[in-house]
Amino acid sequence: MAESNKAPLVDERLSHIAFIMDGNGRWASKKMMPRTFGHKHGAENFKKIVQYCGDIGIKIVTVYAFSTENWGRPQNEVDTIMNLLSEYLDTCEREMEEHNIRYRFIGDMSVLTPELQRKIAYVEEISKDKDLLLNVALNYGSRAEIVNAFNKIVKSGKTEITEADISDALYTAHCPDPDMIVRTGGDIRLSNFLLWQAQYSELYFTDVLWPDLSKENINEIVQEFYNRKRKYGKV
Ligand code: FPP
């Protein structure tokens with residue numbers, strides 16, 4: 001929830017925004033630095049952007065932190081991202097109090113180290129009564145999520161299923177679909193992110209590289225959202 005002394009800029013039409021945080025590697029290369037440098041700055045900017053979204057009244061933020069395909073990157077890059085995640089988890093307890101954040105991790109956590117899994121379970125538990133919902137997609141792939149949902153439904157014994165059954169079996173069952181999905185870094189695709197949930201999401205693509213995404217950019221994105229006509233298939 002936005003603090004009362006900060007006038008919210010958004011209303012319930014934009015309650016959930018999702019980000020594909022792309023461009024860390026290129027940001028670093030432009031500075032003649034290793035890709036891992038870009039991830040460090042990407043992680044810093046991620047915190048700033050989440051806080052700002054909360055400040056302007058957005059209720060749910062979802063970020064694509066690590067995909068099931070990202071394991072195929074060089075080992076030192078994977079290790080850096082996992083270390084950043086671990087360090088980030090250590091700051092969540094303080095962040096949760098300062099910025100009223102409720103953490104949820106979506107994806108298959110079972111392949112993460114026991115230490116990471118323990119930290120994730122802990123921050124999810126202690127933050128569960130907070131208001132600004134932050135979904136961190138980690139070892140996430142949308143098709144795998146959908147297959148997992150179908151298997152859950154099959155195991156439940158259902159022989160006929162509805163759209164609601166599928167939505168309720170996804171990792172995101174606890175929250176509504178995103179109103180807007182933003183991808184930084186110039187590519188124009190969803191890359192296996194929230195494919196089911198993106199049904200009527202407004203899509204926004206920007207060339208800005210993730211570590212450079214600013215509060216002003218967020219204001220532009222919000223402005224663009226309110227300029228769109230959401231018709232949901234109607235006229
Ligand atoms: C995409 O940039 C970014 C990622 C695959 C990882 C995102 C990770 C972070 C923002 C930091 C860690 C996150 C947390 C939650 C602490 P890219 O490497 O694909 O960039 P490129 O397209 O320029 O190569």
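Start at 1 and go down the list; that is how both ligands and their atoms are numbered. All of these numbers come straight from a predicted model, not from anything done at the bench. Count residues from 1 along the sequence. Computed over heavy atoms, backbone and side chain alike; hydrogens, waters and symmetry mates excluded.
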Nearest option to atom 24 (O) of ligand 1, as decided by whichever heavy atom of R35, E69, M21, R26 sits closest
R35

May I ask whether R73 places a heavy atom under 4.0 Å from ligand 1?
yes

Parallel, tilted or perpendicular: which describes the rings of Y103 and F105, with under 30° parallel and over 60° perpendicular?
parallel

F46 heavy atoms within 4.0 Å reach ligand 1 at atoms 15 (C)

Is atom CD of E69 surrounded by more than 12 heavy atoms (other residues, nucleotides or ligands) closer than 6.0 Å?
yes

N/O of A43 under 3.5 Å from N/O of ligand 1, yes or no?
no

Can you see whether T162 engages D165 through a side-chain donor-acceptor pair at a distance of less than 3.5 angstrom?
yes

Closest protein heavy atom to atom 4 (C) of ligand 1, given as residue, atom name and distance to 0.1 Å:
H39 CE1, 3.9 Å

Interatomic spacing from CD1 in I60 to CG in L134 - rounded to 0.5 Å:
11.0 Å

Within 45° cone of W27 ring axis and under 6.0 Å: K31 NZ or CZ:
yes

Tell me whether I81 has any N or O atom under 3.5 angstrom from an N or O of ligand 1.
no

Against heavy atoms of G42, which atoms of ligand 1 measure under 4.0 Å?
10 (C)

Please say whether N24 places an N or O atom under 3.5 Å from an N or O atom belonging to ligand 1.
yes

Measure from the side-chain N and O atoms of E202 to the backbone N and O of R228, and report whether any donor-acceptor pair falls under 3.5 Å.
no

Say whether G185 and ligand 1 are in contact under the criterion: heavy-atom distance to a ligand atom below 4.0 Å.
no

Should the pair R94-D90 be classified as a salt bridge under the 4.0 Å nitrogen-to-oxygen rule?
no

Atoms in ligand 1 with a heavy atom of D22 nearer than 4.0 Å
1 (C), 2 (O), 17 (P), 19 (O), 20 (O), 21 (P), 22 (O)

Is the F193 ring parallel, tilted or perpendicular to the Y64 ring (thresholds 30°, 60°)?
parallel

Sub-3.5 Å N/O-N/O distance, W210 and ligand 1:
no

Just wondering, more than 12 heavy atoms not from K48 lying within 6.0 Å of its NZ?
yes

Give me the nearest non-hydrogen protein atom to atom 8 (C) of ligand 1 as residue plus atom name, then the distance to 0.1 Å.
A65 O, 3.7 Å

Which bit of N70 gets closer than 4.0 Å to ligand 1, counting heavy atoms only: side chain, backbone, both or neither?
side chain

